[in-house]
Amino acid sequence: MNTKDRKYNFRTIEQKWRDTWKAAPINTDKDRPKFYCLDMFPYPSGDGLHVGHWRSYVISDVLARYKLLQGHYVIHPMGFDSFGLPAENFAIEHGIHPEKAVAESSVIFKRQLEDICAMYDWDMELSTTDPAFYKWTQWIFVQMYKEGLAYEKEMPLNWCPACKVVLANEEAAGGECERCGAQPGKKNLRQWMLKITNYAERLLADLDMLNWPDKVKKMQADWIGKSYGAKIDFAVDGRDEKIQVFTTRPDTLYGATFMVLAPEHGLVKALTTEENREKVEKYVQDAGVLSNVDRMAKKDKTGVFTGSCAINPLSGERLEIWISDYVLADYGTGAIMCVPGHDQRDFEFAKKFGLPIIQVIAPDKCGRHDAAPTEAYTGDGFMVNSGNFNGLPAEEGKEAVANHLEHLGIGEKTVNYKLRDWVFSRQRYWGEPIPLIHCEKCGVVPVPESDLPVMLPHVDSYKPTDTGESPLALIADWVNTKCPACGGGAKRETNTMPQWAGSSWYFLRYVDVNNDSELISRAAMEKFLPVDYYVGGIEHAVLHLLYVRFYTKFLYDIGVVNFQEPFTQLFNQGMINRFGMKMSKSKGNGVSPDELITKYGCDALRLYILFLGPPELDVDWNDNGIEGVFRFLNKLWRLVAENADKTVPPTAAHEQARHKMIYDISTRMENLTLNTVVSGFMEHTNKLTDMARQGGIDAQSLNDLIVLIAPFAPHIAAELWEICGRTTSVFGEKWPMYDKEKMAESTITVVVQINGKLRENIQIAADAPKDDILAAARASVATRLDGQNVVKEIFVPGKLVNFVVK
RNA sequence: GCAGCCGUGGCGGAACUGGUAUACGCGCAAGACUAAGGAUCUUGUGGGAGAUUUCCCGUGCAGGUUCAAGUCCUGUCGGCUGCACCA
C-alpha cells in the first residue's frame, strides 16, 4: 500500500485499535515489577461525564502507560462509589429505586469512561454496593468494634424541622435546608462513632513519609491540629466542682481574670445560681438553635454570667464564670481560662462586659505597659505581675508554670488535638447496614463474621423517616432477629454507614476482587500494594484521604496489610472552568466529550486536555484550542506516513535532535508538567519535519517519536507504528533512553552582553576554549567597547559573556 | 483574620540551579494553491520611536541585592484555595 495516500482518518484508526486491544490486552505481564496507578473512583451520578472529569482520568492513564513502557505491570483499575447521599437523593428526586438508578448510571459511566481509552482492567471492576464488596466493609467495622474503636454517643445533628430529616453539614450550609429552605436546628440522636483520635499522633507523624503535595500534607496537619499546653483545674468558690481548662499559654495564668464555659458544658446547670437561671437557660437555648454556620458568622461577643466564681490557683483572685458561644464544646475541655491582656477574643469579651484586664507579659523586661490597651498583646515577651515568675521569658514560663502546677497536683502538661472522633452512622437507606445487633440481655453484639454480609433489604420506601431514624427501622421483618450470643429476640442496628466507608479501603480490593474468604489475600497484598500513585481532586485533601490513612493503619494493626500508608504518591489535578465557574451539568457550562470525539477523535481530546495548562492548576476551557492539537496530529501523521518508506541513515544532526527530543520529553514527563510535554511533541515534530524536508529523516527518530507519544495518543501511535512496518505492539516497546553527551550541539550560541544588556549573539564551536570565546565576544562588540573602560568580564560557560564597563 | 498558591502579549501558557523573556498553541494579518475555502501550506505578529544592518521601554506596583532579576529579598495591591472565635 502506498502510505502517502493514507489520510489521518482518526475514526477508523481509533475503532480499529480499540478492537485490537480488547482482543489482545497490552498490559498482562504480571511478572514485571508492579506499578499501581489509581484514580479516585466516581459515584455514578446519571449526569454523565464532561471534559472536566476527563482531566484526572487522562493524567492517570498517561502515567499508567508511561510506566508500562518503562517495564512495569500496571494496575490501573476503575470502579464505582455507588452508596451515599448523592445517589440516594438522585433516586428520591426521580422516583427510581437507588439500586436501579445506580445500575443504569454505571452503564452510562462505563461507556463514557471507555471513550477515554484509558487502559483500565475491567476484570477488577468493583462497586461499593455489591454485597460481595460490602461484606468486607462490614467486616472491617466489626473488627473495629471488637478492638474498641466503635462506640455509641448522643450527638447533636443538623435537623430540618420541615422535612423532618437529618441534614449533612453540606445540606445545611448557609443556614438553610438545601431541600426546602427552612432553617435547620439541632437534634440529639444516638450515633456510632469511630475513635480516629486514637490515631491522631500517627496520622500526623507519618505525613513525613509521604510523597504528597506539601499543600495537602499541611491541610491534614492543620486538621489534626496538634498543640502543646496544659490542663489546669480551677476550684469553684464555695463548691466542690472543679473546672478543667486547656491552655496553650500557661505562662499567662496570673492574667486569667474570668472563665468562660461553652453553653453545652456539663457544669453549666450546676454552676448557675438561682437569680441567673432564667437568662442562662435562654442563652443556652438560643445557642442550641443556631447552626454551626450561623454561630461562626457572628462577630459580636455575647455571653451571660452564671453567678458562680472560680479561684485562680496562682493569684488567688476570684474569677467570674460566664458562658459564651465563642467557646466550643468539642475543642479542648469546652471551658477556658480568660486572659484578656493577651488573647484578642478574651479582650473583646472583657471590654464588652467590663471585666478586669491584667497585663502579665511585657515586650521588654522593664514591664512597661499601656494603661488603656486597645487590643490584646499576643507577642513574645517576659512575665510580669506573676509572682515568683516575674522576669522569665514567656517561652520558658510555659514550661515553668506547667511544672509548678504539676507539682501542686492541679494541672498537667498535655497535648491537644483539633481532630475529633468520626460520626460514622447515617439515618439513611442507601448505605451499608451497620452489622450490629441490640439484645436486651447481652447488649450490643456484632453480627458473626459467618453471617456477613448483612444484606441491605430491598424496600419500596427508602425515604427518610420523620423520627430521624433510618428507613430501615420501619421494616419489622428485617429489624427483628435473634441475638447471636443468647439466641433470644433482638433488634438489628438500623443506621447505615457513610459513603466514606467503602471508599476508605476500596483500593485494596481491586487486586483480589473475587476473593470471598478474605478481604484480600496475603499474596495479592504483598505483590500489588500499596498504591504507587493516586490521582484525584484536591477536594478530598482532608476527609477522604485522612479516612483512608486511618483505615490503613487500623488494618496494619490487625495484620491485614503490611504497610502503614495507602498511597505513596499523590497528585491533585486542578479543575476545568468555563465561563468562570467549575464545569458542571447543573450550571449548564459542561462540555460533553462526545461531540469533540466525533469531530477530532479521542487522541486529540486527550492531548488538548493536557495542553490546556499545568495539570495541578485550574484552567479555563477554550472551545477553539483543540484545533491546534488536531493540526498537530495531522502534521505528525504526515511526517511519519510520508517518510516511513524512504528513511535515510542517521547523521550526527539526526542523532543530536533525537537525543534532545527524548531528553526533553522524559524530563518533562518525570516532572509531570504534561502541558509542556505536549508542546514538546509539537516542537520536535516541527523540527523533524524540517529535517525531513531538507535531507530526509532517519528511521530511529520516527521510531522514538512514536514510542514517546504512545502514552498520550495511543491510537495514532499504534497506527503509525504499523505504517513503519512494525508488527509487534508499540506498547511492548521500552521508553527510549537518551545520552546527554550525544544531545550536545556542536556549535553553540553565546550571548554577548554589556552591563547586562544583550548586544550580540555569536555562534562558536561548543568545545572552543574560554580565551577564544572571549576574543570572539570582544570582537563582536568591538565598536561599542571602543574607548570604554572594561572593569570586569563575566564568563558563563556555554551561555554568555558580559562586559562590565564604567 | 490566619495560612498556602498565583499575577508574564489580544488569549491559554513556556522560561531547569538568577544568564537571549514571551517556547508551543489559539487568535489575527499578508501571501500561495484553488471555481471556491470555514481545508492545507508559507511568512509575520509584546509596546513605542527611527524605519536597510538602530535605539528605548517591557513579566501587577514600589524599592533592594547582583555584572545580570519573571526567577532572590522587603513592602504593597489584586486574585484563587483552605481553615475560620482552636483557648
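Note that the coordinates shown come from a computational prediction; the quantities given were computed from them, not determined experimentally. Throughout, a chain's letter reflects where its sequence line sits, starting with A, and its residues are numbered from 1.
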Checking side-chain contact (heavy atoms from CB on, under 4.5 Å) for the pair A:Val216/A:Leu570: CA distance, chi angles, key distance, verdict?
CA-CA 9 Å; A:Val216 175; A:Leu570 173 72; 4.0 Å; yes

Distance between P atoms of B:G50 and B:U66 (Å, rounded)
38 Å

Strictly below 4.0 Å, heavy-atom distances to any atom of RNA chain B: list the hits from residues 412-421 of chain A, or just say none.
A:Lys418

With sequence neighbours left out, the residues meeting side-chain hydrogen bond (donor to acceptor under 3.5 Å, both in side chains) with A:Tyr608 are none

Which nucleotide wins on minimum distance to the side chain of A:Val804, given the candidates B:C67, B:U42, B:C85?
B:C67

Using atom C1' of each nucleotide, how far apart are B:C33 and B:U43 to the nearest Å?
15 Å

Find which nucleotide of RNA chain B each of A:Met575 and A:Asp618 is nearest to by heavy atoms, and output the residue with the more 5' nucleotide.
A:Asp618

Sequence neighbours excluded, which residues qualify as side chain to side chain contact (heavy atoms under 4.5 Å, CB included) partners of A:Lys660?
A:Gln656, A:Asp664, A:His684, A:Lys687, A:Met743

For A:Asp330 and A:Arg420, run salt bridge (charged side-chain N to carboxylate O under 4.0 Å, His left out): C-alpha distance rounded to whole Å, both residues' side-chain angles, the deciding distance at 0.1 Å, then the answer.
CA-CA 8 Å; A:Asp330 45 18; A:Arg420 303 194 288 255; 3.6 Å; yes

Determine the sole option in A:Leu405, A:Val339, A:Val360 for which the side chain to side chain contact (heavy atoms under 4.5 Å, CB included) test with A:Leu253 is passed.
A:Leu405

RNA chain B stem ranges, 3 or more consecutive Watson-Crick or G-U pairs under 3.5 angstrom:
B:1-7 with B:77-83, B:10-12 with B:24-26, B:27-32 with B:40-45, B:46-49 with B:54-57, B:60-64 with B:72-76

Atom P, compared across B:G47 and B:A39: separation rounded to whole Å:
25 Å

In terms of the angle between their ring planes, are A:Trp500 and A:His544 parallel, tilted or perpendicular, with boundaries placed at 30° and 60°?
parallel

Taking syn as within 90° of 0 and anti otherwise, name the glycosidic form of B:G18.
anti

If I pick the C1' atom on B:C61 and the same atom on B:G79, what distance separates them, to the nearest angstrom?
15 Å

Between B:C11 and B:C83 - P atom distance, rounded Å:
32 Å

Is there a side-chain polar atom (N or O) of A:Lys215 under 4.0 Å from OP1 or OP2 of B:G4?
no

Would you tabulate the nitrogen or oxygen pairs shorter than 3.5 Å linking the protein to nucleotides 46-56 of chain B?
unit_1, atom_1, unit_2, atom_2, d
B:C55, OP1, A:Arg784, NH1, 3.1
B:C55, OP1, A:Arg784, NH2, 2.5
B:C56, OP2, A:Arg759, NH1, 3.4

5'-most contact on RNA chain B: A:Asn634 or A:Tyr663, nearest heavy atom basis?
A:Tyr663

If I pick the P atom on B:G82 and the same atom on B:G63, what distance separates them, to the nearest angstrom?
36 Å

Measure from CD on A:Glu642 to P on B:C41 and round the result to the nearest Å.
11 Å

Write down the atom of A:Ala200, the atom of A:Leu419, and the distance for their closest heavy-atom approach.
CB-CD2, 4.0 Å

Is A:Lys740 positioned over the aromatic face of A:Tyr663, cation under 6.0 angstrom from the ring centre and no more than 45 degrees off axis?
no

Rounding to an integer number of Å, can you tell me how far A:Asp214 CG sits from B:C5 P?
9 Å

Taking the side chain from A:Glu745 and the backbone from A:Ala766, do they hold a donor-acceptor pair closer than 3.5 Å?
no

With rounding to the closest Å, how many angstrom separate the P atoms on B:A36 and B:U54?
41 Å

Length of the CD-P vector between A:Gln220 and B:A3, whole Å
21 Å

Send over the distance from A:Leu774 CG to B:C67 P, rounded to a whole Å.
18 Å

Close aromatic pair by centroid cut-off 6.0 Å: A:Phe349 and A:Phe258:
yes

Can you tell me the distance, in whole Å, between the NZ atom of A:Lys218 and the C1' atom of B:G4?
6 Å

Please pick, from B:C67, B:A87, B:G13, the nucleotide with the shortest atom-to-atom distance to any side-chain atom of A:Ile794.
B:C67

Could you tell me how far B:G70 sits from B:C16 if I compare only their C1' atoms? Round to whole Å.
14 Å

From CG of A:Leu639 over to P of B:C41, roughly how many Å is that when rounded to an integer?
13 Å

Using a strict cut-off of less than 4.0 Å between a Lys/Arg side-chain nitrogen and an Asp/Glu carboxylate oxygen, indicate whether A:Lys301 and A:Glu348 qualify as a salt bridge.
yes

Have a look at A:Ile773 and tell me which of A:Val752, A:Leu800, A:Val801 forms a side chain to side chain contact (heavy atoms under 4.5 Å, CB included) with it.
A:Val801

List the protein contact pattern of nucleotides 20-28 of chain B with one symbol per nucleotide (5' to 3'): B for base contact, S for sugar-phosphate-only contact, - for none; contact means a heavy-atom distance under 4.0 Å.
B--BBSSS-

Between A:Glu616 (CD) and B:G82 (C1'), how many Å, whole number?
17 Å

Determine, for A:Lys218 against A:Asp222, whether the closest basic-nitrogen to carboxylate-oxygen distance falls under 4.0 angstrom.
yes

Salt bridge A:Lys398-A:Asp251, side-chain N to carboxylate O under 4.0 Å:
no

Length of the CD-P vector between A:Glu539 and B:C83, whole Å:
12 Å

Centroid-to-centroid, A:Phe712 to A:Phe681, below 6.0 Å?
yes

